[in-house]
Chemist: 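Dropping the structure in here first, questions after.
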Amino acid sequence: MRNWKSILAALAVTAAAVVIPATPAAAYNLNGCKFSTGTLKWQDATSTSAYASAAQNAVTAWNSTSTQFNLNKVTSGANIRVANGNFGATWNGYQFVGVTLDTSQGSGLDCSGGTWDTTMVTWWNDYYTKSYGATKRQAIMVHELGHALGLAHTNGSSCSNVAVMDTDIDYWADACSFWKPRQDDINGANALY
């Protein structure tokens, strides 16, 4: 017959080895506005073929994910317009490589009932990005398209947990060699559409 102490010790070791995973918290953040439909139209308003190519690749990167929306290219009447322009080293007190604004160059965060009531314009800031390579430009536009879709910034700390919506996407795109939405970004988009 076994000693009750050895049985308890064996149970304690077995119980310690059983790990019950915690439900992970959603790491994505939402900005409070989105489009009312998942059938979205985008327009290329870039000034060069290099930016046009990066815009198309960024849209394709989002369309290739398992999300409930699709971006279709149009020549007018777009929900999202993709553009590039020189905002200088700082604009309105901010230094940035990309920005998402409404058509009046406002933040666009004034939306009624949680939906955008205007076309959103996603911009590259040429002041910084004109010397960037194609994949880094793509990563920045994937990030800005994420804002237009309704995603807000996140903050990662390593290549294993950073999302394309990270505030330092230009750094992480180089450090981690990614330029497409990551699982956290996809989860956030699926929470919206």
Side-chain angles (χ1 to χ4, degrees), residues 26-31 33-35 40 42-73 78-91 94-101 107-108 120-193:
Y28 60 83
N29 293 314
L30 306 178
N31 67 22
C33 298
K34 67 176 196 163
F35 292 104
L40 302 170
W42 78 279
Q43 180 180 3
D44 181 355
T46 59
S47 65
T48 69
S49 61
Y51 280 107
S53 177
Q56 181 62 59
N57 290 340
V59 168
T60 299
W62 271 113
N63 282 344
S64 298
T65 63
S66 56
T67 52
Q68 303 304 308
F69 67 86
N70 195 45
L71 294 157
N72 300 297
K73 191 172 183 179
N79 304 101
I80 302 170
R81 194 172 300 134
V82 179
N84 61 292
N86 191 333
F87 289 83
T90 60
W91 183 72
Y94 296 101
Q95 180 180 0
F96 56 86
V97 295
V99 65
T100 298
L101 304 168
S107 68
M120 299 306 296
V121 185
T122 57
W123 293 91
W124 281 282
N125 182 359
D126 287 352
Y127 184 85
Y128 296 104
T129 62
K130 66 182 172 189
S131 64
Y132 287 6
T135 55
K136 190 169 182 177
R137 282 185 187 162
Q138 177 183 329
I140 291 165
M141 191 46 59
V142 168
H143 174 100
E144 295 307 324
L145 288 169
H147 284 314
L149 292 168
L151 299 173
H153 283 140
T154 60
N155 288 300
S157 58
S158 71
C159 290
S160 64
N161 70 6
V162 71
V164 80
M165 293 310 299
D166 194 273
T167 54
D168 293 321
I169 184 57
D170 54 331
Y171 168 78
W172 291 113
D174 286 339
C176 306
S177 297
F178 72 85
W179 48 89
K180 296 180 180 181
R182 301 190 82 185
Q183 192 59 53
D184 186 57
D185 309 303
I186 295 166
N187 293 346
N190 281 331
L192 290 165
Y193 298 93

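None of these values were measured; they are calculated from a predicted model.
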Chemist: Rounded to the nearest 0.5 Å, how far apart are CG of Asp174 and NZ of Lys136?
Modeler: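 Taking CG in Asp174 and NZ in Lys136, the distance rounds to 3.5 Å.
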Chemist: To check you understand the geometry: which heavy-atom pair defines the closest contact between Ile169 and Ala163, and what is its length?
Modeler: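 Between these two residues, the closest heavy atoms are CD1-O, 4.5 Å.
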Chemist: List the atom of Ala148, the atom of Thr122, and the distance in Å for their closest heavy-atom pair.
Modeler: CB-CG2, 4.0 Å
Chemist: Please give me the minimum heavy-atom distance between Thr100 and Met120, naming the atom from each residue.
Modeler: CG2-CE, 4.0 Å
Chemist: When rounded to the nearest 0.5 angstrom, what is the spacing between NZ in Lys34 and CG in Leu149?
Modeler: 11.0 Å
Chemist: What residue among Tyr193, Trp179, Phe69 forms ring pair (Phe, Tyr, Trp, His ring centres under 6.0 Å) with Trp62?
Modeler: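 The single option meeting the ring pair (Phe, Tyr, Trp, His ring centres under 6.0 Å) with Trp62 is Phe69.
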Chemist: Applying the side chain to side chain donor-acceptor pair (under 3.5 Å) test to Asn84, which of Asp126, Thr46, Thr48 qualifies?
Modeler: Asp126
Chemist: Rounded to the nearest 0.5 Å, what's the gap from CG on Asp44 to CD on Gln56? Could you check?
Modeler: 8.0 Å
Chemist: Restricting to non-hydrogen atoms, name the atom on Asn190 and the atom on Ser66 that form the minimum distance, rounded to 0.1 Å.
Modeler: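 Minimum heavy-atom contact is ND2-O, 3.0 Å.
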Chemist: For side-chain contact (heavy atoms from CB on, under 4.5 Å), just list the numbers for Tyr132 and Asp170, CA-CA rounded to whole Å, side-chain angles, deciding distance to a tenth of an Å, and then say yes or no.
Modeler: CA-CA 10 Å; Tyr132 287 6; Asp170 54 331; 3.7 Å; yes
Chemist: Report the C-alpha separation of Asn29 and His153 in whole Å, then their side-chain angles, then the decisive distance to 0.1 Å, and conclude whether the side-chain contact (heavy atoms from CB on, under 4.5 Å) test is met.
Modeler: CA-CA 6 Å; Asn29 293 314; His153 283 140; 5.8 Å; no
Chemist: Would you name the heavy atoms of Ala54 and Arg137 that are closest together and state the gap between them?
Modeler: CB-CB, 3.8 Å
Chemist: Would a 4.5 Å heavy-atom cut-off, applied to side chains only, mark Met165 and Asp184 as touching?
Modeler: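 In short, these two side chains do not touch, never coming nearer than 4.5 Å.
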Chemist: How many angstroms lie between atom CD of Gln95 and atom CZ of Phe87, to the nearest 0.5 angstrom?
Modeler: 14.0 Å
Chemist: Could you state the interatomic distance from CG (Asn70) to OG1 (Thr65), rounded to the nearest 0.5 Å?
Modeler: 9.0 Å
Chemist: How far apart are the C-alpha atoms of Phe96 and Trp123, what are their side-chain angles, what is the distance that settles it, and do they pass the ring-ring contact (aromatic ring centres under 6.0 Å, His included) test?
Modeler: CA-CA 10 Å; Phe96 56 86; Trp123 293 91; 9.8 Å; no
Chemist: When rounded to the nearest 0.5 angstrom, what is the spacing between CG in Leu101 and CD in Glu144?
Modeler: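 Reported value, rounded in 0.5 Å steps: 8.5 Å.
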Chemist: When you compare the side chain of Val99 with that of Tyr94, does any pair of heavy atoms fall below 4.5 Å?
Modeler: no
Chemist: Can you tell me if Asn155 and Thr167 form a side-chain donor-acceptor pair at under 3.5 Å?
Modeler: yes
Chemist: How about Tyr127: does its OH atom have over 12 heavy atoms from other parts shown lying under 6.0 Å from it?
Modeler: no
Chemist: For His143 and Val164, work out which heavy atoms get closest and say how close.
Modeler: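 Smallest interatomic distance, heavy atoms only, reads ND1-O, 2.7 Å.
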Chemist: Do Asn125 and Asn86 touch side chain to side chain, with heavy atoms closer than 4.5 Å?
Modeler: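 They are in side-chain contact.
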Chemist: Please check if the side chain of Tyr51 supplies one atom and the backbone of Ala83 the other of a donor-acceptor pair under 3.5 Å.
Modeler: no
